[in-house]
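Presented below is the structure to which this report refers.
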Amino acid sequence: ALSVVTVKDLAGKRIVVTAGGTREALDPVRFIGNRSSGKQGLAIALAAAARGADVTLIGANLEVRPAASTGLHVVDVSSTLELEAAVTAAAPGADVVVMAAAVADYRPETVAQSKIKKETQGDTLQLTLVKNPDILRGLVESRREGQIIVGFAAETAEDREALVELGRAKAARKGADYLVLNRVGWTEGFATDGNAIIILDAAGVIVGEAAGSKTSVAAPILDLLT
Ligand code: CTP
Ligand code: CA
């Protein structure tokens, strides 16, 4: 009989993974959000747990959930500020933080306490948005000695060269140890079951590349953490 043995090469490592997409409330019933499902972050969290890591999954509006039997610690959040608070609390005890979540760059300056009504708005509605904190940058700034911070970069570039170019610029801006680049678009990346990634190190050098299911592309990311 054929048996598959998972090597527990991440045993003893405490890994925090963020997944999903943050939502910013406009009023009690509406939000600004993005199409991230949380599948890629969940696949990384599950693969890390299978390889022996102690995994905390911080999920922003997850469309997919791990079974209780997987042993993941799940923290549910919704907005960017909630995600920031949860990651900031978990990071000091982590060997690795993987920021796979799609974080809203802006949030409404004010949240209406009752439903926004057409009657009072007229034919146009103007929203003022303010910039959210860059959680990844904050993690890099408070990184402990030896801690590994992994960022993601979602780009809508047309070709591979343009994608890598955008990734290198982002890697330099973010200062994370690794940046996982993936192309997103109307039909790619978000909410699909497959993904194609290019992994850059802090200097922008390509250190990994994979395409396939979100589970299969998790492997080369985790290989960097052993
Ligand atoms: N990120 C974050 N906090 C934010 C925005 C993004 O921590 N406020 C993280 C994401 O989780 C991801 C990485 O930063 O790991 C890159 O996100 P991305 O949206 O690709 O980059 P931005 O720096 O927001 O730049 P832009 O969206 O303008 O391309
Ligand atoms: Ca962004």
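A quick note: this is a predicted structure, and the numbers were derived from the prediction, not measured.
- For the pairing with Thr22, the side chain to side chain contact (heavy atoms under 4.5 Å, CB included) check across Val77, Val103, Ile32 returns one residue only, Val103.
- Heavy atoms only, all atoms of each residue included: Met99 and Leu139 are closest at CG-CD1, 3.8 Å.
- Without hydrogens or angle criteria, Glu109 side chain to Leu129 main chain gives no donor-acceptor distance under 3.5 Å.
- In this structure, Asp201 does not pair ionically with Arg168, as no charged nitrogen and carboxylate oxygen lie closer than 4.0 Å.
- In the hydrophobic clustering of this structure, Ile206 groups with Leu163; members are Ile, Leu, Val, Met, Phe, Trp, Tyr whose side-chain heavy atoms approach within less than 4.5 Å, directly or through other members.
- If you check the side chains of Ser78 and Asn61, you find a donor sitting under 3.5 Å from an acceptor.
- The distance from the CZ atom of Arg107 to the CG atom of Leu26 is 13.0 Å, given to the nearest 0.5 Å.
- Not a single donor-acceptor pair under 3.5 Å links the side chain of Thr120 to the backbone N or O of Ile116.
- Linking Ile, Leu, Val, Met, Phe, Trp and Tyr whenever their side-chain heavy atoms come within less than 4.5 Å puts Leu57 and Ile44 in one cluster.
- In this structure the side chain of Ser79 never reaches within 4.5 angstrom of the side chain of Asn132, judged on heavy atoms.
- Using a 4.5 Å heavy-atom cutoff, the side chains of Arg51 and Thr6 are in contact.
- Across all their heavy atoms, Gly38 and Ala19 have their closest contact at O-CB, 3.9 Å.
- Residues Asn182 and Glu155 form no side-chain contact, since every pair of their non-hydrogen atoms from C-beta on lies 4.5 Å or further apart.
- One N or O on the side chain of Ser36 and one on the backbone of Gly20 form a donor-acceptor pair closer than 3.5 Å.
- Counting only heavy atoms from C-beta outward, the side chains of Val140 and Arg137 never approach each other to under 4.5 Å.
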Requested in this report: For Tyr178 and Val96, run side-chain contact (heavy atoms from CB on, under 4.5 Å): C-alpha distance rounded to whole Å, both residues' side-chain angles, the deciding distance at 0.1 Å, then the answer.
Outcome: CA-CA 11 Å; Tyr178 299 105; Val96 180; over 6 Å; no
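- Smallest separation of non-hydrogen atoms from Asp27 and Ser114: CB-O, 3.8 Å.
- Between Pro108 and Leu127 the shortest side-chain heavy-atom distance does not fall below 4.5 Å.
- Two different hydrophobic clusters hold Val97 and Leu10 under the rule that ILVMFWY side chains link at heavy-atom gaps under 4.5 Å.
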Requested in this report: Take Lys13 and Asp54, measure what side-chain contact (heavy atoms from CB on, under 4.5 Å) needs, and give me the verdict at the end.
Outcome: CA-CA 6 Å; Lys13 297 238 190 259; Asp54 176 0; over 6 Å; no
Requested in this report: In sequence, state the C-alpha distance, the side-chain angles, and the governing distance for His73 and Ile58, and then conclude on side-chain contact (heavy atoms from CB on, under 4.5 Å).
Outcome: CA-CA 8 Å; His73 313 286; Ile58 302 177; over 6 Å; no
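- Screening Leu166, Ile198, Ile197 for a side chain to side chain contact (heavy atoms under 4.5 Å, CB included) involving Leu181 leaves a single residue, Ile198.
- Side-chain contact between Val150 and Leu225: present, with at least one pair of heavy atoms (C-beta onward) separated by less than 4.5 Å.
- Ile15 and Leu46 fall within a single hydrophobic cluster, where Ile, Leu, Val, Met, Phe, Trp and Tyr side chains are chained together by heavy-atom contacts under 4.5 Å.
- A donor-acceptor pair under 3.5 Å links the side-chain atoms of Glu24 to the main chain of Thr80, judged by distance alone.
- Counting non-hydrogen atoms of neighbouring residues, nucleotides and ligands closer than 6.0 angstrom, the CD atom of Gln121 exceeds 12 such neighbours.
- Ion pair Lys39/Glu63 not flagged as a salt bridge, since none of the NZ, NE, NH1 or NH2 atoms sits closer than 4.0 Å to an Asp/Glu carboxylate oxygen.
- A donor-acceptor contact shorter than 3.5 Å links the side chain of Thr18 to the backbone of Ala100.
- Within the 4.5 Å cutoff, side-chain heavy atoms of Val207 are placed close to those of Leu224.
- Side chain of Gln147 to backbone of Arg144: a donor-acceptor contact under 3.5 angstrom is found.
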Report task. Go through the steps to decide whether Arg183 and Asp159 satisfy the test salt bridge (Lys or Arg N to Asp or Glu O under 4.0 Å), and finish with yes or no. Result -> CA-CA 9 Å; Arg183 190 142 60 144; Asp159 57 46; over 6 Å; no
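- Smallest separation of non-hydrogen atoms from Lys214 and Gly194: CE-O, 3.5 Å.
- Residues Pro66 and Leu42 have side chains in contact (heavy-atom distance under 4.5 Å, counting atoms from C-beta outward).
- Residues Val98 and Val180 fall within the same hydrophobic cluster, defined by Ile, Leu, Val, Met, Phe, Trp and Tyr side chains chained together at heavy-atom separations under 4.5 Å.
- A pairwise comparison of heavy atoms in Gly167 and Leu179 identifies O-CD2, 3.4 Å as the closest pair.
- Residues Lys118 and Asp123 are not paired through a salt bridge, judged by the lack of any N-O separation under 4.0 Å between the basic side chain and the carboxylate.
- When every heavy atom of Ala90 is checked against every heavy atom of Val16, the shortest pair comes out as CB-CG2, 3.9 Å.
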Query raised in the report: Going through the checks in order, is the side-chain contact (heavy atoms from CB on, under 4.5 Å) test met by Ile199 and Ile221?
Result: CA-CA 8 Å; Ile199 310 172; Ile221 300 169; 3.9 Å; yes
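- With hydrogens and angles ignored, the 3.5 Å screen pairs no side-chain donor or acceptor of Asp9 with any backbone N or O of Thr226.
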